[in-house]
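For reference, the structure discussed in these notes is given below.
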Amino acid sequence: PAILEKGVTAARQRRGQDPQAGAAFTREDLEWQIRSGGIVAHFQPIVSPADGRMKGAEVLARLRLPSGQIIGAAEFIPLAESSGLIYEVTENLFERLIESRETLAASDLTFIAVNLSPLILQQERALVLVRRLVDGFAGICSVKIEMTESAATAYPDVLRTVAAQIHLMGASLAIDDFGIGYSSMRALAELPFDTLKIDLSFVSEMFDSPKSLRLLRAMISFGQTLELQVVAEGVETEEQRGLLIEAGVDLAQGYLFGKPMTAEALASTFSVPNGD
Ligand code: C2E
Ligand code: CA
Ligand code: CA
Ligand code: CA
């Protein structure tokens, strides 16, 4: 994307490199950005849909270029994963998170949800990072680990071991992007998850046809049957919100309630209610 290239060009110029070298964002660019503190955490509120009160927040990684430009996760997480930098990204992100614990403590968060790549799931050192995060937020809020459905079902044995350790730490597990994978009902039902996050495509399509709506309802019942907390992602309109409340989702996330924002913005928008 042009915005990314502009930022990269500027960063290369500052480093005395040829701004035209390479086409897009390279591994070297990303590595340099990470090492110079470019990874930042943004937070998107996860609310109780009926009253809009914040219950938790999803942590979404961003890359802040020296120019101040913010690069979205979709623009650099896949590169981080394919170039072996995802552990460094996660480590940096968790450090930023722990640094903002006091700011977050001023909001009424009960949990923070972080995304864990399947590529680091198998590494012992990733669990050390999770442990540090849980300890860092002790007394403030709990930690939920989000894993995509495809990642979770690709390594069921690894997942079972990791899940047991995560639960022992007092953290919980969410299955992310639910409904777009290729897993069997049995595989899904047997995985040790606490929360099911319905992929935003089902929310955006729910009014396209009566069938889409029935499908969404069936997914919500599936989660309820397994006694999971059900979260709907990508809620953008009042109509979607109304239907989701009626269908019985526990929590909702989306631009209607709040876009990803800084810790300061989250804390001031969703501050602890004082005796209302
Ligand atoms: P995800 O985990 O499914 O995150 C939800 C994405 O949906 C976020 O995009 C969020 O900004 C976007 N979103 C939230 N509400 C709405 C809405 O109402 N409408 C629409 N259209 N979109 C909405 P984002 O931040 O660009 O992240 C993209 C993906 O990158 C994430 O998808 C996640 O898979 C990955 N990601 C983000 N942060 C991290 C991280 O720290 N580690 C890893 N491994 N992956 C991450
Ligand atoms: Ca997620
Ligand atoms: Ca998702
Ligand atoms: Ca997604």
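Every number for a ligand or one of its atoms is a count from 1 in the order of the listing. Numbering of residues begins at 1 and proceeds along the displayed sequence.
- For the residue pair N115/E58, the side-chain donor-acceptor check at 3.5 Å is satisfied.
- Only the side chain of L200 comes within 4.0 Å of ligand 1, counting heavy atoms alone; its backbone N, CA, C and O stay farther away.
- R241 contributes no side-chain N or O that, together with a main-chain N or O of V235, makes up a donor-acceptor pair within less than 3.5 Å.
- At a threshold of 3.0 Å, the Ca ion (ligand 3) has a backbone or side-chain N, O or S atom of E233 nearer than that distance.
- When every heavy atom of L266 is checked against every heavy atom of P45, the shortest pair comes out as CD1-CD, 3.9 Å.
- Both L244 and M219 sit in one connected hydrophobic cluster of ILVMFWY residues. Membership requires side-chain heavy atoms under 4.5 Å apart, directly or through other members.
- The atoms of ligand 1 that sit less than 4.0 Å from any heavy atom of E236 are 17 (C), 18 (O), 19 (N), 20 (C), 21 (N).
- Residue P260 places a heavy atom less than 4.0 Å from ligand 1.
- The atom name of the N/O/S atom in E146 closest to the Ca ion (ligand 2) is OE1.
- Expressed to the nearest 10°, the angle at the Ca ion (ligand 2) joining OE2 in E58 with OD2 in D176 is 180°.
- Taking backbone and side-chain atoms together, N115 has an N/O/S atom less than 3.0 Å away from the Ca ion (ligand 2).
- In terms of polar-atom proximity, defined here as any N/O pair under 3.5 Å, G254 makes no such contact with ligand 1.
- For ligand 1, the polar-atom distance check finds no N/O of E81 at less than 3.5 Å from any of the ligand's N/O atoms.
- Interface atoms of ligand 1 facing Q44, defined by a heavy-atom separation under 4.0 Å, are 14 (C), 15 (N).
- Heavy-atom distances between Q253 and ligand 1 stay at or above 4.0 Å for every pair.
- The backbone N or O of F270 lies less than 3.5 Å from no partner atom in the side chain of S107, so there is not a single donor-acceptor pair.
- Residue D177 approaches ligand 1 through these ligand atoms, each under 4.0 Å from one of its heavy atoms: 3 (O).
- F111 and L168 end up in different hydrophobic clusters when Ile, Leu, Val, Met, Phe, Trp and Tyr side chains are linked at under 4.5 Å.
- Residue contacts with ligand 1, taken as heavy atom pairs separated by less than 4.0 Å, involve E58 solely via side-chain atoms from C-beta onward.
- By the criterion of a heavy-atom distance under 4.0 Å, the backbone of V235, and not its side chain, is placed next to ligand 1.
- Distances from the Ca ion (ligand 3) show that D177 has an N/O/S atom below 3.0 Å.
- Contact annotation: for H42 versus ligand 1, there are no heavy atoms closer than 4.0 Å.
- The proximity of I77 to ligand 1, defined as any non-hydrogen pair under 4.0 Å, is limited to the side chain.
- Comparing heavy-atom distances from atom 44 (N) of ligand 1 across A252, P45, S117 singles out S117 as nearest.
- Put simply, the side chain of S184 gets close to the backbone of A187: a donor and an acceptor are under 3.5 Å apart.
- Taking both residues in full, the closest heavy atoms of T153 and S183 are given as CG2-CB, 3.5 Å, listed atom of the first, atom of the second, then distance.
- Of all non-hydrogen atoms in A247 and Q224, the two that sit nearest each other are O-NE2, 3.8 Å.
- Heavy-atom distances between E233 and ligand 1 reach below 4.0 Å in at least one pair.
- For D199, no heavy-atom contact with ligand 1 is shorter than 4.0 Å.
- Both tests do not hold together for R132 against F94: distance to the six-membered ring centre under 6.0 Å, angle to the ring axis within 45°.
- Remark: the backbone N or O of E236 is paired with a side-chain donor or acceptor of Q240 at under 3.5 angstrom.
- Using a 4.0 Å cut-off between heavy atoms, D176 contacts ligand 1 through its side chain alone, with no backbone atom that close.
- For K259, no heavy-atom contact with ligand 1 is shorter than 4.0 Å.
- Among S201, A232, A73, the residue whose heavy atom lies nearest to atom 37 (C) of ligand 1 is A73.
- Counting atoms of ligand 1 from 1 in the listed order, those under 4.0 Å from a heavy atom of R62 are 11 (O), 24 (P), 25 (O).
- The cluster map of Ile, Leu, Val, Met, Phe, Trp and Tyr, joined by side-chain heavy atoms under 4.5 Å apart, puts F43 and L109 in the same cluster.
- Nearest heavy atom pair, residue V47 against residue M54, reads CG1-CA, 4.0 Å.
- Contact annotation: E75 has no heavy atom less than 4.0 Å from any atom of ligand 1.
- Connection of L30 to V40 is not established within any shared hydrophobic cluster, with ILVMFWY side chains joined at heavy-atom distances below 4.5 Å, either directly or through further cluster members.
- Contact check on E149 versus K197 returns no salt bridge, with no Lys/Arg side-chain nitrogen under 4.0 Å from an Asp/Glu carboxylate oxygen.
- The option from L93, T90, L97, I86 that lies nearest to atom 41 (O) of ligand 1, judged by heavy atoms, is L93.
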